[in-house]
Amino acid sequence: MKRRNVLKGLSLLPFAGGALGSVLPSSAAVAATTVKRDLFAELGLRTFINAAGNYTSMTASLMPDEVMEAINSTAKEYVMLEEVQDKVGEKIAAICHAEAAFVTAGCWSALVLGMAGVLTGMDQKKVAQLPKLEGTGMKSEVIIQKSHINGYDHALTNTGVTIVTVETMEEAIAAINDKTAMLWFLNREAPMGKIQHREWLELAKQHKLPTMIDMAADVPPVENLWKYNDMGFDLVCISGGKAICGPQSAGILMGKKDLIAAARLSAPPKGGNIGRGMKVNKEEIIGMYVALDSYVKRDHTKEWKMWEDRIAYIKNTLANIAGVTTEVTIPAVANHNPSLIISWNPAIVKITRDAMGEKLRKGSPSIETIAWETENSIRITVFMLKPGQEVVVAKRIKEELLQAAV
Ligand SMILES: *Cc1c(COP(=O)(O)O)cnc(C)c1O
């Protein structure tokens with residue numbers, strides 16, 4: 001009897017699952033092979049110590065065990081995707097003081113879908129019309145401070161809107177017209193702008209316009225998760241895979257109930273809209289919730305102290321190397337954590353920053369750092385290191401600096 005016929009026959013039996021079991025490797029066999037299988041080696045991929053930071057190109061952050069457990073344990077049953085978003089959304093909204101929330105495919109998707117919701121409201125016809133705005137009755141302009149323009153606003157223009165830039169409050173007032181859809185704020189650039197959060201919100205309120213804030217990489221501090229909802233922004237967008245250590249391809253859109261409901265009309269599993277490609281699976285949606293919950297509950301003071309200790313260890317290891325200076329800096333808003341800038345006098349330590357980066361990358365173990373502002377400096381962060389890796393990073397940088405000084 002041919003194998004195909006055997007299967008056909010078996011599928012008629014009451015225990016059809018048994019027939020499937022005979023063609024698929026048993027879960028025990030899969031487990032045994034996955035334990036031994038080193039996919040990085042098999043694929044010829046370089047792994048490295050991440051002393052650079054939270055970079056999408058470097059796969060951002062590592063998910064903690066509880067997030068991986070959430071992902072693995074939820075992969076074994078079916079549920080309705082919309083119900084997952086409803087339930088997880090309620091939990092996230094409660095944690096972050098928002099009326100509603102859902103998990104998006106990164107902060108970028110949150111920006112696109114939130115913008116779409118502002119434009120369409122609950123009108124299905126409009127949802128299908130995006131990114132075409134002309135002749136649809138939808139508004140078409142978003143006002144942004146000039147200093148807040150940095151490429152992320154492209155997420156907004158995906159929906160068809162045009163960006164109107166302003167610098168002063170007078171310019172902002174003059175820019176508002178009946179085509180104005182929203183006022184947007186990039187938290188990271190707040191210190192560079194002439195108009196601050198509360199004035200921006202006040203302006204929006206006076207003109208009955210919705211507001212959105214992009215705070216993608218802006219925890220720590222943990223309080224930022226609710227600060228901008230409390231302050232009154234209608235929509236708040238954040239990355240899931242940066243310091244929160246959720247799935248790299250997840251993010252959160254949270255805010256006012258009506259706008260979140262409208263945004264979801266452009267999001268999967270619904271189709272025929274601009275967001276259908278921005279899918280997040282149930283495992284990642286739930287993984288995002290667990291990551292957020294775990295992030296909020298961790299001891300942030302202790303974590304900060306741990307980062308400072310790592311920085312101090314590296315700084316001390318590099319102290320007293322001729323021609324080398326180090327400086328601890330903490331970015332004020334985004335990626336707010338202690339980092340170390342390591343600079344050298346090129347007359348003594350004869351290596352460029354790019355060559356230094358390459359030496360560390362090609363060394364064993366491989367280490368990624370960031371080329372800094374001058375030709376003779378690199379920058380490192382320690383918040384993405386695994387415990388103990390600061391010792392390796394310090395040792396390798398010291399070796400290369402001494403080597404270059406010979
Ligand atoms: C990282 C980042 C984004 C994009 O976030 P993803 O989660 O990678 O989609 C948007 N805005 C800012 C300011 C960011 O730093």
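Bear in mind that the values here come from a model prediction, so they are computed numbers and not experimental data. Both ligands and their constituent atoms are indexed starting at 1 by order of listing.
- Of the residues listed (His97, Met254, Met231), the one engaging Trp226 in a side chain to side chain contact (heavy atoms under 4.5 Å, CB included) is His97, and it is the only one.
- For the pair Trp108 and ligand 1, the shortest N or O to N or O distance falls below 3.5 Å.
- Near Leu186, meaning under 4.0 Å from one of its heavy atoms, ligand 1 places the atoms 13 (C).
- Ion pairing of Arg264 with Glu82 is present here, as a side-chain N (NZ or NE/NH1/NH2) and a carboxylate O approach within less than 4.0 Å.
- Residue contacts with ligand 1: Cys107 is placed with a nitrogen or oxygen under 3.5 Å of a nitrogen or oxygen of the ligand (distance criterion only).
- To the nearest 0.5 Å, the span separating NZ on Lys227 from CG on Asp218 amounts to 10.0 Å.
- Residues Leu130 and Val127 form no side-chain contact, since every pair of their non-hydrogen atoms from C-beta on lies 4.5 Å or further apart.
- Counting heavy atoms from C-beta outward, Ser366 and Arg361 have side chains that approach closer than 4.5 Å.
- The aromatic rings of Phe233 and His197 lie perpendicular to each other, with more than 60° between the two planes, well past the 30° mark.
- Counting only heavy atoms of the protein, atom 12 (C) of ligand 1 lies nearest to Ala216 CB, 3.2 Å.
- Atoms of ligand 1 found under 4.0 Å from any heavy atom of Gly106, numbered from 1 in the order shown, are 7 (O), 9 (O).
- Using the six-membered ring where Trp is involved, His154 and Trp108 have ring planes that are parallel, under 30° apart on the 30 and 60° scheme.
- Contacts of Asn150 with ligand 1, taken as heavy-atom pairs under 4.0 Å, are absent altogether.
- The protein non-hydrogen atom at the shortest distance from atom 5 (O) of ligand 1 is Ser239 OG, 3.1 Å.
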Residue pair Arg353, Thr374: steps toward the side chain to side chain contact (heavy atoms under 4.5 Å, CB included) verdict | CA-CA 8 Å; Arg353 86 186 159 189; Thr374 72; over 6 Å; no
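- With hydrogens left out, the protein atom closest to atom 15 (O) of ligand 1 is Lys242 NZ, 2.8 Å, a heavy atom.
- Protein heavy atom nearest atom 11 (N) of ligand 1, with residue, atom name and distance: Asp214 OD2, 2.7 Å.
- Ranking the protein heavy atoms by distance from atom 3 (C) of ligand 1 puts Tyr152 CE2, 3.3 Å first.
- Nearest protein heavy-atom neighbour of atom 8 (O) of ligand 1: Thr56 OG1, 3.9 Å.
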